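Only heavy atoms go into these numbers, but all of them, side chains included; no hydrogens, no water, no symmetry mates. Source: prediction; values computed, not measured. Both counts, for ligands and for their atoms, begin at 1 and track the order of listing.
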Amino acid sequence: MKRLVNKDDFPTTKEYAYLNAANVGLMPVSAAKIMTDWYMDVAINGSNNFNDLAEDTAFDGLRKQGARLFNCQPDDIAGGSSCTVLLSSIAWAIMPGAHENVVSTDIVFPSTIYPWTRISHHTGCEIRLAKGKDGYADVNEIIAQIDKNTSVVSISHAEYTSGQLYDLKKLADVSHENGALLVVDATQSAGAIPIDGPGSEADVIISGSYKWLCGPFGAAVMYLAPHLQAKLDPGIIGFRSHENMWELSPERLVYPNSAKRFESSTMAFGCIKGLEKSIEYLLGVGIENIYDHNLKLSDILINGLSDLGANIISPMEQSERTSIVTCFIDGLDTKIVIEKLKEQDVVAHKRQKYIRFAPHLYNCEDDVLRALEALENIIKK
Ligand SMILES: Cc1ncc(COP(=O)(O)O)c(C=O)c1O
């Protein structure tokens, strides 16, 4: 298998078989440098370079790269400080009422549903969680929960435990037939799986930065479908929320008619720059290429793990697969397995009782073979 990127761009890969993008992805050095340079400049020079114009336009680059990532317009993109914060602002903007419900799964990452749970404390809306097992939820179980009182279907595009991938168009169609919105947490997919925002017909897609997008903590990116851009009243607002932020009048608040209305305040602007550059880097490699590469690595993992007798819980159906491969090994404590892998310079992660491997563009076949060999050493002892 060919290498997809230069090891110098991700120096850690020279030492470790780093298979942990579902927890924390590696940043390309070029993006990390832009981020740290930004912080250094503001720390030393204050507003000399980071002036009012620079502050006003701080998200423009991310909006441009986000539009390329989600195949949409820059006006459809907003930046934020985390997936959870953007989703919370969306949740308060939609605010499902007492007789409405929000549908998700009981295996979803908590942050994907908690913002709606908070709304339920306020309005009394119902939270409906389709039953899943071992990190997997049947999409038909989700669909069975949706009815005419559903306000929002809020799912994670790829489930964090098993990597199970949902068909967004299928869920969007059922949601819309019932008058509901589809709100997608793409934190475990964006950067690794091609996502067409408008083509998916999802209404909102949000991704954190620090996993598959290879960006820093402290940033996130959101796609907001055009039909919502002049309509939603964001849950979190600040001086940036006004259409011309430097007008600074407390007497009125007029939002821009674009996703930008969700960019409320000052934030970790250096992280936004870092995320912008990371996305640009990934797009330079090509998300389709990354997707193919990562699936090939996970094929090798799946075969090797099967040979070692591991119990794999990640789905095998092609349309439901990501490169996340999750397993457990009879008779072995996962926590200890993860520690012993690390002793052999292999980085994987424990989620619930499972060992989760998450190869990304900076990994190569050799990393996966090293992981399998290290695991074999642990099993044999
Ligand atoms: C699916 C999913 N969504 C959200 C998050 C957390 O996102 P953030 O820290 O940006 O709020 C995680 C973290 O593991 C996740 O797996």
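The protein atom (non-hydrogen) at minimum distance from atom 16 (O) of ligand 1 is Q188 NE2, 3.0 Å. For atom 13 (C) of ligand 1, the nearest protein heavy atom (residue, atom name, distance) is K211 CE, 3.1 Å. With respect to atom 11 (O) of ligand 1, the closest heavy atom belonging to the protein is T84 OG1, 2.4 Å.
Of the polar atoms of Y160, none of the N or O atoms is found under 3.5 Å from an N or O of ligand 1, judged by distance alone. Considering backbone and side-chain N/O of C83, one or more are found under 3.5 Å from N/O of ligand 1.
Each of T105, T187, D185 was scored for a side-chain hydrogen bond (donor to acceptor under 3.5 Å, both in side chains) with T112, with one residue passing: D185. Applying the ring pair (Phe, Tyr, Trp, His ring centres under 6.0 Å) test between Y362 and each of F10, W212, Y16 identifies F10 as the sole match.
In D185, the part holding a heavy atom less than 4.0 Å from any atom of ligand 1 is the side chain.
Every heavy atom of E159 sits 4.0 Å or more from the atoms of ligand 1. Within the 4.0 Å heavy-atom shell around ligand 1 one finds Y210. For the ligand labelled ligand 1, residue S156 lies inside the 4.0 Å heavy-atom shell.
Put simply, the side chain of L171 does not reach to within 4.5 Å of the side chain of D167, judged on heavy atoms. Side chains of Y39 and K273 form no contact here, defined as non-hydrogen atoms less than 4.5 Å apart.
Checking side-chain atoms of N289 against main-chain N and O of V285 turns up a donor-acceptor pair under 3.5 Å.
For the atom pair K296 NZ and C364 SG, the distance stands at 14.0 Å (nearest 0.5 Å). Taking NZ of K211 as the reference point, atom CD of Q188 lies at 5.0 Å (rounded to 0.5 Å).
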